[in-house]
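Sharing a structure here in structure tokens format.
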Amino acid sequence: MALVTTKEMFEKSMKEHFAIGAFNVNNMELIQGIVEAASEENSPVILQASSSAIKYAGINYLMKMVEAAVESTDIPIAIHLDHGPDFETCKKCIDAGFTSVMFDGSKYDFEENIRLTKEVVDYAHAHGVVVEAELGKLAGIEDEVNVSANDAMFTDPDQAKEFVERTGCDSLAIAIGTSHGAYKFKGEAKLRFDILEKVKEKLPNTPIVLHGASTVIPELVEMCNKYGADIPGAKGVPDEMLHEAGLRGVSKINVDTDLRLAMTAQIRKTFAEDPSAFDPRKYLTPAREEIKKTVKHKIHDVFNSSNKA
Ligand code: G3H
Ligand code: 13P
Ligand code: ZN
């Protein structure tokens with residue numbers, strides 16, 4: 001199957017109440033592990049790359065690897081720009097063959113976010129590409145996404161409706177309490193499902209996106225720490241909450257941190273158990289297997305997208 005946009009997979013997800021995993025990629029092992037998992041589960045999947053991932057791997061390398069993955073399977077695969085910071089980056093990805101882009105204007109005020117998002121929507125739609133936009137702010141830190149907890153702001157459902165109508169965006173990322181990275185909650189994990197419900201009431205046909213949605217899988221954190229990492233007190237969104245989000249109308253669930261933990265845990269284990277290992281295949285093979293296992297678990301047990309390809 002050729003690369004697809006997210007249009008059809010999102011329509012199906014809204015009709016059948018399941019979510020689609022959007023997994024961050026920046027190298028071959030991630031792409032292979034994710035696509036093998038989705039393929040075996042017969043699930044649609046979204047591969048996404050941030051601008052720093054693109055800087056790291058090179059846009060041509062990324063696209064060629066994604067194309068090779070697409071040729072290896074029959075499941076629908078979309079390639080998406082995660083957190084596009086400006087029009088130029090979105091345009092570069094659209095021109096390179098991405099089927100979906102996110103313009104992240106959440107740091108701008110409402111009117112400016114609308115104006116800038118609309119510019120990207122106009123260009124993307126003219127090229128058959130779909131656009132994810134964001135309204136509300138998530139707390140958390142990634143390479144190029146850095147919002148302090150004080151600045152984090154839940155999405156206003158009335159504004160969400162106006163925003164989608166005025167920008168023409170195809171899907172909307174909302175802030176309901178998740179955050180990027182490995183430290184999402186100090187105490188109990190809590191998501192504002194009441195806000196999600198109101199947004200869905202106002203926008204029943206708009207696919208909703210959840211960023212910062214890694215579980216921060218405790219076994220993987222433990223394994224990293226056991227083999228020399230220092231990641232104390234890490235905490236994410238429990239699987240049950242993500243499952244509920246899918247049932248309540250979230251169509252796309254973003255996962256990066258759990259994949260980072262999966263790779264790191266296995267690489268650390270190999271080095272700890274076999275200090276003589278220095279062939280990259282020796283430590284990247286179990287790392288790729290752990291990626292696959294992690295993605296299969298999410299697709300099958302949490303997002304419910306198995307056999308929805
Ligand atoms: O939400 C951000 C993603 O996890 C990407 O992070 O900019 O470090 O690649 P990155
Ligand atoms: P996590 O840090 O929770 O994996 O979130 C990833 C994300 O939202 C990518 O856009
Ligand atoms: Zn994100």
Side-chain angles (χ1 to χ4, degrees), residues 6 19-27 30-31 33-34 45-59 61-62 78-86 89-90 93 98 100-107 131-149 151-153 155 171-185 189 191 207-218 220-221 224 231 234-239 241-242 245 250-265 291 294-295 297-298 302-303:
T6 50
I20 294 154
F23 300 99
N24 283 70
V25 298
N26 54 56
N27 65 35
L30 282 161
I31 294 173
I34 296 161
V45 72
I46 299 165
L47 300 174
Q48 57 186 14
S50 66
S51 51
S52 54
I54 291 170
K55 220 178 284 166
Y56 171 78
I59 197 160
Y61 272 97
L62 268 181
I79 173 71
H80 171 78
L81 166 66
D82 190 28
H83 293 285
D86 48 37
T89 309
C90 294
C93 289
F98 278 48
S100 173
V101 293
M102 174 190 194
F103 172 69
D104 181 357
S106 59
K107 66 172 184 279
V131 178
E132 174 185 323
E134 178 164 337
L135 189 63
K137 286 179 186 161
L138 276 69
I141 302 170
E142 295 294 324
D143 285 1
E144 292 183 3
V145 184
N146 186 347
V147 180
S148 79
D151 284 343
M153 206 176 68
T155 304
S171 60
L172 185 69
I174 61 169
I176 59 167
T178 59
S179 60
H180 291 110
Y183 301 92
K184 301 189 191 300
F185 302 100
L191 294 190
I208 299 301
V209 180
L210 209 53
H211 281 249
S214 275
T215 307
V216 189
I217 299 171
L220 293 177
V221 176
C224 286
I231 319 174
K235 194 166 189 182
V237 187
D239 280 352
M241 283 191 183
L242 295 171
V250 167
S251 287
K252 174 175 179 270
I253 295 186
N254 284 9
V255 178
D256 189 352
T257 298
D258 280 335
L259 304 181
R260 296 178 183 197
L261 290 170
M263 271 203 111
T264 303
I291 295 291
T294 303
V295 171
H297 161 66
K298 287 181 183 291
V302 187
F303 302 161

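Starting from 1, each residue takes its place in the sequence as its number. Start at 1 and go down the list; that is how both ligands and their atoms are numbered. Note that these values count all heavy atoms, side chains included, but never hydrogens, waters or copies made by symmetry.
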**Prompt:** Could you give the distance from CD1 (I20) to CD1 (I46), rounded to the nearest 0.5 Å?
**Reply:**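 Between I20 CD1 and I46 CD1, I get 5.5 Å after rounding to 0.5 Å.
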**Message:** Quick check on contacts: which atoms of ligand 2 are under 4.0 angstrom from a heavy atom of H211?
**Reply:**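 Within the 4.0 Å cut-off of H211, ligand 2 contributes 8 (O), 10 (O).
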**Message:** Closer than 4.0 Å to some heavy atom of N24 - which atoms of ligand 1 meet that?
**Reply:**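 Those atoms are 3 (C), 5 (C).
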**Request:** Give the atoms of ligand 2, by number and element, whose distance to some non-hydrogen atom of H180 is under 4.0 Å.
**Result:**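 Under 4.0 Å from H180, ligand 2 has these atoms: 2 (O), 5 (O), 6 (C), 7 (C), 8 (O), 10 (O).
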**Prompt:** Is there at least one pair of N or O atoms, one from D258 and one from ligand 2, spaced under 3.5 Å apart?
**Reply:**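 No, D258 has no N/O under 3.5 Å of an N/O on ligand 2.
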**Reported CG-to-OH distance for the pair L62 and Y56, which is rounded to 0.5 angstrom** =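 The OH atom of Y56 is 10.5 Å from CG of L62, to the nearest 0.5 Å.
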**Prompt:** Can you tell me the N, O or S atom of H211 that's nearest the Zn ion (ligand 3)?
**Reply:**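 Considering only N, O and S atoms, H211 comes nearest to the Zn ion (ligand 3) through ND1.
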**Request:** Mind checking whether T257 contacts ligand 1 via backbone (N, CA, C, O), side chain (CB onward), both or neither, at a 4.0 Å heavy-atom cut-off?
**Result:**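 For T257, no heavy atom sits under 4.0 Å from ligand 1.
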**Prompt:** Which ligand 1 atoms does S52 reach within 4.0 Å, using its non-hydrogen atoms?
**Reply:**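 Answer, ordered by atom number: 7 (O), 8 (O), 9 (O), 10 (P).
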**Message:** With heavy-atom distances below 4.0 Å as the criterion, list the atoms of ligand 2 near A213.
**Reply:**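 Those of ligand 2 that fall under 4.0 Å from A213 are 3 (O), 5 (O).
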**Message:** Rounded at 0.5 Å granularity, tell me how far CD1 in I31 sits from CD1 in I291.
**Reply:**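 Atom-to-atom, I31:CD1 and I291:CD1 are 11.5 Å apart.
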**Item:** From CA spacing to verdict: side-chain contact (heavy atoms from CB on, under 4.5 Å), F23, V45
**Value:** CA-CA 8 Å; F23 300 99; V45 72; 3.7 Å; yes
**Asked** What part of K55 sits under 4.0 Å from ligand 1 if we count only heavy atoms: the side chain, the backbone, both or neither?
**Response**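 Neither; no heavy atom under 4.0 Å.
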**Request:** Number the atoms of ligand 2 from 1 as they appear, then name those within less than 4.0 Å of a heavy atom of N24, with their elements.
**Result:**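 The list of qualifying atoms is 9 (C).
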**Prompt:** Does the side chain of T257 come within less than 4.5 Å of Y183's, by heavy atoms?
**Reply:**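 The answer is no, as the side chains (C-beta and beyond) never meet within the 4.5 Å cut-off.
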**Asked** Is there side-chain contact between M263 and N27, with heavy atoms separated by less than 4.5 Å?
**Response**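 Of all side-chain heavy-atom pairs linking N27 with M263, at least one is under 4.5 Å.
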**Item:** Side chain, backbone, both or neither: T178 near ligand 2, heavy atoms under 4.0 Å
**Value:**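 Looking at T178 and ligand 2, no heavy atom falls under 4.0 Å.
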**Asked** Within less than 4.0 angstrom of ligand 2, does K184 place any heavy atom?
**Response**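 Yes, that is the case, since the closest heavy atom of the residue is under 4.0 Å from the ligand.
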**Prompt:** With a cut-off of 4.0 Å, which atoms of ligand 2 are near a heavy atom of G212?
**Reply:**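 Ligand 2 atoms under the 4.0 Å threshold to G212: 1 (P), 3 (O), 5 (O), 7 (C), 8 (O).
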**Request:** Could you please compute the angle at the Zn ion (ligand 3) from NE2 of H83 to NE2 of H180, rounded to 10°?
**Result:**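 With the Zn ion (ligand 3) as the vertex, the angle is close to 100°.
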**Request:** Output the distance between atom CG (N24) and atom CG (L259), rounded to the nearest 0.5 Å.
**Result:**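 The distance works out to 7.5 Å.
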**Request:** Flag H211 as yes when one of its N or O atoms lies below 3.5 Å from any N or O atom of ligand 1, and as no otherwise.
**Result:**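 For ligand 1, there is no N or O atom that lies under 3.5 Å from one belonging to H211.
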**Item:** Element-labelled atoms of ligand 2 that are located less than 4.0 Å from some non-hydrogen atom of G181
**Value:**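 Reading through ligand 2 atom by atom, the close ones are 2 (O).
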**Message:** For S50, which part has a heavy atom under 4.0 Å from ligand 2: side chain, backbone, both, or neither?
**Reply:**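 Contact part for S50 vs ligand 2: neither.
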**Prompt:** Considering only heavy atoms of D256, which atoms of ligand 1 have at least one such atom less than 4.0 Å away?
**Reply:**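 Matching atoms, with element in brackets: 3 (C), 4 (O), 5 (C), 6 (O).
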**Request:** Side-chain contact test, heavy atoms from C-beta onward, threshold under 4.5 Å: evaluate it for V209 versus M102 and give yes or no.
**Result:**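 They are not in side-chain contact.
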**Request:** Before signing off on this row, confirm whether H83 and ligand 1 have an N or O atom pair separated by under 3.5 Å.
**Result:**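 So ligand 1 has an N or O lying under 3.5 Å from an N or O of H83.
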**Request:** Report yes if some heavy atom in the side chain of L261 is under 4.5 Å from a heavy atom in the side chain of I231; otherwise report no.
**Result:**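 The answer is yes, as the side chains (C-beta and beyond) meet within the 4.5 Å cut-off.
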**Asked** Is there side-chain contact between K184 and K235, with heavy atoms separated by less than 4.5 Å?
**Response**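 No, every pair of side-chain atoms sits at 4.5 Å or beyond.
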**Request:** Find the distance between CG (L220) and CZ (R260) and round it off to the nearest 0.5 Å.
**Result:**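 Taking CG in L220 and CZ in R260, the distance rounds to 14.0 Å.
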**Message:** Quick one: does any side-chain atom of T89 pair with a main-chain N or O of G84 as donor and acceptor, under 3.5 Å?
**Reply:**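 No; judged by distance alone, with no hydrogens or angles, the pair does not exist.
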**Asked** For ligand 2, which atoms have a heavy atom of V255 less than 4.0 angstrom away?
**Response**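 Checking each atom against V255, I get 4 (O).
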**Under 4.0 Å to a heavy atom of H83 - the qualifying atoms of ligand 2, by number** =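 It comes down to these atoms of ligand 2: 10 (O).
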**Message:** Working to the nearest 0.5 angstrom, can you tell me the gap between L138 CG and M153 CE?
**Reply:**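 Rounded to the nearest 0.5 Å, the CG-CE separation comes out at 11.0 Å.
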